Amino acid sequence: MKRKNSRITAIVHRDLTDSVISTLKNHGIFYFHMEPGRYPVLSKRGLWFFDFYQNRSIIDTPVSIFEIICEENAENVLISLLRDAAELNVPGHGSVYSESIDLICDPPSGYVFTSKEKMKPIGFTGLTGIFCVLPRGSAEPIARLVLQNGIAVPTISFGTGTGLRDKLGLLRITIPKEKEILKLVVHSSDIEHVLDFMIEVGRLDLPGRGFIFEFPVGHGLLNTKVSLEGPKQAASMDQIISALDQLYGNMDWRKKSNQFRISTRHRNYFEGVNLVLNCKEEMMEFVTSALRKVGVTSSTISLNRLSHTGIAESTFTPAREVANLLIPKKNLSEVIGVLSEIGFFDLSFEGIAYSMEIPRAFSYQSKKSKSK
């Protein structure tokens, strides 16, 4: 039932949204998911000497996040189209990258983009993504330090959480339901340090603080605009970084400037799969409740829109809910069985599901859980 495909994610400045949608429509890409988000960037330094030593504030740049499912042999064509539509070679315009997924359903006709055109891979390899869920208001300290170290430009969007909060009775009022979803893509050589750093700053080793996992990235083009600081030489730092990436043909040179310290703390990482569920709005709570009987007790739910650019009307509702479920790989077939039982893949839910391998994840684990 599972089929290998690719998910292409493009994060573009909000002013470029119409250009991307027009390009997708003109090239016969019928379905895509879209949600709002923001790129945090560092503000300019002040005029006084001591301003260079202060933590600069964060300025949020509004972005549109596009997600498109395609066949594996079509991902280079799609990345090329998105790159040109949003001029992603310009720092600050956005990023685009691919991931390998296992599609677990029969989606509507035209949902998976196909292409007979052959094209060489575009962008850089040797990349790893990070997905982190935090209480609302907790993403900015992590984003600021990531930007100050020049490691990556994160993307932040919103969601709601279920799980530990629902088990704590009166204590649940101390754990907000509203969540921030922080995603970034880094060079694979940095992943060990960045994960540890984000766990520490986000205090993810405490109950109710969220979870984090890394995910493999095929290849992509990444935004390098970490600051609003204007250029003081003929080229800005963003342009220099982009030029060096192109010169070396990869991002390996960046690891030489990595400022994250190596942690000596042992982390109890675990592996699994990220099961992504997408259905029409106001149906996901029923789905996640049904999955509790097979031990899926936490999820992060967000809203997005399924757009259809074809001539014929889509049978799927545009307003959607998305849930990211981090589960052990051995439980995947059982979870899919429950989804089938409740009719998730029928028109009553209009459900779409796919999974991604997660080599390393972290969340708070009680002493009882660790001892098992």
Side-chain angles (χ1 to χ4, degrees), residues 1-9 11 33 35 37 65 67-70 72 97-105 107 127-134 154-164 179-186 188 191 194-195 198-199 202 204 209-218 220 267-279 284 287-288 291-292 294-304 320-339 344 351-365:
M1 188 177 178
K2 293 195 295 182
R3 296 186 300 278
K4 280 287 182 186
N5 285 280
S6 295
R7 182 176 76 173
I8 307 299
T9 301
I11 305 109
H33 295 271
E35 67 174 307
I65 304 169
E67 290 183 351
I68 308 165
I69 306 301
C70 68
E72 289 184 311
Y97 56 89
S98 67
E99 304 161 73
S100 178
I101 67 169
D102 289 313
L103 194 59
I104 314 170
C105 63
L127 304 174
T128 301
I130 297 175
F131 183 105
C132 183
V133 174
L134 297 152
T155 308
I156 300 173
S157 57
F158 295 115
T160 56
T162 64
L164 177 64
K179 304 295 181 183
E180 287 181 318
I181 301 170
L182 188 150
K183 294 177 73 175
L184 62 154
V185 178
V186 301
S188 299
I191 189 66
V194 179
L195 273 177
M198 292 177 66
I199 292 168
L204 296 174
R209 290 294 301 177
F211 63 89
I212 188 171
F213 62 78
E214 65 175 273
F215 58 89
V217 172
R267 301 289 188 192
N268 290 302
Y269 292 112
F270 55 93
E271 61 181 7
V273 295
N274 178 30
L275 179 62
V276 180
L277 305 180
N278 189 300
C279 67
M284 194 61 78
V287 176
T288 54
L291 291 175
R292 285 176 187 156
V294 289
V296 181
T297 57
S298 71
S299 62
T300 305
I301 301 172
S302 57
L303 301 176
N304 74 10
R320 315 288 293 180
E321 286 181 323
V322 184
N324 283 272
L325 312 176
L326 185 58
I327 61 176
K329 190 173 182 178
K330 64 180 181 178
N331 294 356
L332 181 59
S333 59
E334 188 177 25
V335 170
I336 294 172
V338 173
L339 293 175
F344 179 77
I352 298 170
Y354 56 87
S355 63
M356 294 175 285
E357 297 282 340
I358 300 303
R360 186 159 43 176
F362 181 89
S363 65
Y364 168 76
Q365 299 174 61

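Fair warning: this is a prediction, and the values are worked out from it, not measured in the lab. Residue numbers run from 1 in the order of the sequence given. As a basis for the values below, the full set of heavy atoms in this structure was taken, side chains included, without hydrogen atoms, waters or symmetry mates.
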## Note on the structure
Residues at least two apart in sequence or cross-chain that pass ring-ring contact (aromatic ring centres under 6.0 Å, His included) with F213, listed by chain then number, are F131
#### Entry: Set of residues satisfying ring-ring contact (aromatic ring centres under 6.0 Å, His included) with respect to F215, sequence neighbours excluded
none
Hey, could you give me the [atom1]/[atom2] distance between [X] and [Y], rounded to the nearest 0.5 Å?
| X | Y | atom1 | atom2 | value |
| --- | --- | --- | --- | --- |
| C105 | L103 | SG | CG | 4.5 Å |
| L204 | I199 | CG | CD1 | 6.5 Å |
| I65 | E35 | CD1 | CD | 4.5 Å |
| E321 | L303 | CD | CG | 6.0 Å |
| L275 | S299 | CG | OG | 10.5 Å |

For a 4.5 angstrom cut-off between non-hydrogen side-chain atoms, does [X] reach [Y]?
| X | Y | answer |
| --- | --- | --- |
| R360 | I191 | yes |
| P359 | E271 | no |
| P216 | T128 | no |
| L291 | F344 | no |
| I181 | F158 | no |

### Message
Quick one, L182 with I212, criterion side chain to side chain contact (heavy atoms under 4.5 Å, CB included). Give me CA distance, side-chain angles, the key distance, then yes/no.
### Response
CA-CA 9 Å; L182 188 150; I212 188 171; over 6 Å; no
Show me, pair by pair, the donor-acceptor contacts under 3.5 angstrom made by side chains of residues 351-358, not counting sequence neighbours?
residue, atom, partner, partner atom, Å
Y354, OH, R7, NH1, 3.0
E357, OE2, K329, NZ, 3.2

#### Entry: Nearest heavy atoms of V273 and P328, plus distance in Å
CG2-O, 4.5 Å
### Task
Could you walk me through whether V296 and T288 pass side chain to side chain contact (heavy atoms under 4.5 Å, CB included), step by step?
CA-CA 8 Å; V296 181; T288 54; over 6 Å; no
### Ion pair check, D102 and K4, cut-off under 4.0 Å
yes
#### Entry: side chain to side chain contact (heavy atoms under 4.5 Å, CB included) between L195 and F362, intermediate numbers included
CA-CA 9 Å; L195 273 177; F362 181 89; over 6 Å; no
